[in-house]
Amino acid sequence: MRHRVGRCLLRCAVLGDPIAHSLSPTLHRAGYAALGLEWEYDAVRVGEEGLGPFLDRLDGSWRGLSLTMPLKRRALALATAVSDRAHLAGAVNTLVVEDGAVVLADNTDLPGAVAAVRERYGGPVTTGTVLGGGATAASTGLALCELGATAVRLLARTPGRAADTAAAIAAHPSAPHVEVLPLAGGEVVGEVVVSTVPAAAQDAGLVARSASTPVVFDVVYDPWPTPLAAAVGGDRVLVGGLDLLVHQAVLQFELFTGQPAPLDAMREAGERQLASRQAPG
């Protein structure tokens, strides 16, 4: 099946800075191949100040953009049509494009995080801890609320910079109690701990404070395993960054193409790519 605008194949991309590490091209291209779509999907290095000019240059061949750091909040300020969940999270990771213009700014991190947890853990979520205070922390904190949490604790490296994230989570319709404490020394509480901090920030003390949490959800997928992930054993449940990436990418794929996404093919492609990166030599 060929999808063209004039003589151009339809195009999508992931934007961010840095971007070379992104698995999104691998996942989306695997989806296209599984459905026989001759679409293009690339990784493009774009910083905050470059997002507006990039959007201004879009033409009729474009159908969608995935956004990563540091663009998720910048995109919200630039968009005119924003989904309710993107408004709630205060962050955008998905731009749907038609005729060279953005027609929807959405956030698939939030429902993707819910799906990632529920795929591996069916138990109750009444309280949770999120490590970090940025845009991804807001989306995953809201996901904890969607899963049933009535209280969310943020442990941030710089608590004063987590105010927007705390406010976003507190605005969830369930009106959860939200508190912000320092990452260094803050107690991890609840059934789920979500880490949105780099592996380098996961010191032995943080790992020890998370040791009794039934579910560890680390949004990092490279390098893998992180210190938090490596410590999970026994009856504890591990939800990985690839789980989140796949589930949010599936939702993006469907928004961009209008077709059901081949989740298994996309996941398998991501697993192969990660395995090749981690192979010795």
Side-chain angles (χ1 to χ4, degrees), residues 12-16 18-34 41-43 66-69 72 91 93-94 107-122 128 130-132 134-137 139-141 143-144 146-147 192-202 207 210 213-233 236-256 260-280:
C12 297
V14 57
L15 312 182
I19 200 63
H21 69 286
S22 178
L23 277 182
S24 291
T26 297
L27 302 185
H28 285 263
R29 290 170 185 170
Y32 300 158
Y41 190 105
D42 297 309
S66 309
L67 305 179
T68 186
M69 291 179 60
K72 293 183 179 183
N93 78 325
T94 305
N107 183 309
T108 64
D109 282 334
L110 199 169
V114 172
V117 172
R118 277 298 175 226
E119 183 178 42
R120 303 197 181 277
Y121 172 72
V130 180
L131 312 179
T136 303
S139 297
T140 52
L144 293 179
E146 292 286 298
L147 290 163
V192 183
V193 57
V194 182
S195 177
T196 70
V197 300
Q202 300 176 11
V207 172
S210 304
T213 309
V215 182
V216 172
F217 179 6
D218 198 322
V219 306
V220 172
Y221 59 83
D222 189 12
W224 189 261
T226 63
L228 280 170
V232 175
R236 301 174 74 204
V237 175
L238 176 61
V239 183
L242 183 60
D243 296 322
L244 171 59
L245 187 67
V246 169
H247 281 287
Q248 66 83 26
V250 160
L251 296 170
Q252 288 183 336
F253 185 99
E254 294 175 351
L255 286 168
F256 296 162
L263 185 151
D264 290 341
M266 295 170 72
R267 187 200 304 273
E268 290 168 6
E271 290 172 344
R272 288 194 301 270
Q273 183 65 22
L274 277 182
S276 69
R277 291 182 184 182
Q278 295 161 2

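Numbers for residues simply follow the sequence, beginning at 1. What you see below is based on every heavy atom in this structure, not just the backbone, and it leaves out hydrogens, waters and symmetry mates.
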Looking at [X] and [Y], what are the two nearest heavy atoms and their distance?
X: Asp109; Y: Leu244; answer: O-CD1, 3.8 Å
X: His28; Y: Ser66; answer: NE2-OG, 4.0 Å
X: Phe256; Y: Cys12; answer: CD1-SG, 3.8 Å
X: Leu144; Y: Gly128; answer: CD1-CA, 3.9 Å
X: Pro18; Y: Thr68; answer: O-CG2, 4.5 Å
X: Phe217; Y: Ala116; answer: CZ-CB, 4.3 Å

Could I get the full list of side chain to side chain donor-acceptor pair (under 3.5 Å) partners for [X], not counting sequence neighbours?
X: Thr136; answer: Lys72
X: Glu271; answer: none
X: Arg120; answer: Asp243
X: Tyr221; answer: none

query: Under the side-chain contact (heavy atoms from CB on, under 4.5 Å) criterion, do His247 and Met266 qualify, and how do the steps go?
result: CA-CA 10 Å; His247 281 287; Met266 295 170 72; over 6 Å; no

Once you round to the nearest 0.5 Å, how far does [atom1] of [X] lie from [atom2] of [Y]?
X: Gln273; Y: Ser22; atom1: CD; atom2: OG; result: 10.5 Å
X: Leu67; Y: Leu15; atom1: CG; atom2: CG; result: 5.5 Å
X: Leu23; Y: Leu245; atom1: CG; atom2: CG; result: 6.0 Å
X: Gln252; Y: Ser24; atom1: CD; atom2: OG; result: 6.5 Å

Results of salt bridge (charged side-chain N to carboxylate O under 4.0 Å, His left out) for [X] - residues two or more places apart only:
X: Glu254; value: none
X: Arg277; value: Asp222
X: Asp264; value: none

- prompt: Taking Asn107 for the side chain and Ala91 for the main chain, is one N or O donor matched with an acceptor at less than 3.5 Å?
  reply: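 Yes; at least one donor-acceptor contact below 3.5 Å.
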
field: Main-chain N/O of Ser210 paired with Thr213 side-chain donor or acceptor, under 3.5 Å
entry: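 Flag set: sc Thr213 to bb Ser210 pair under 3.5 Å.
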
Set of residues satisfying side chain to side chain contact (heavy atoms under 4.5 Å, CB included) with respect to [X], sequence neighbours excluded:
X: Ala269; answer: Thr26, Ala30, Arg272
X: Ala230; answer: Pro225
X: Pro111; answer: Arg85, Leu251
X: Leu131; answer: Thr129, Leu155, Leu183, Val193, Ser195, Val197, Leu206, Leu228

message: With a 4.5 Å cut-off on side-chain heavy atoms, are Tyr41 and Leu27 touching?
response: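 Answer no - side chains too far apart.
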
- prompt: Considering only heavy atoms from C-beta outward, does the side chain of Val239 approach that of Val192 to under 4.5 Å?
  reply: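 No, side chains not in contact.
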
message: Can you list everything that forms a ring pair (Phe, Tyr, Trp, His ring centres under 6.0 Å) with Tyr121? Sequence neighbours excluded, please.
response: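 Ring pair (Phe, Tyr, Trp, His ring centres under 6.0 Å) list for Tyr121, sorted by chain: empty.
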
task: Give me the ring orientation class for Tyr32 and Phe253: parallel if the planes are under 30° apart, tilted from 30 to 60°, perpendicular past 60°.
output: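 Judged by the thresholds at 30° and 60°, the geometry between Tyr32 and Phe253 is tilted.
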
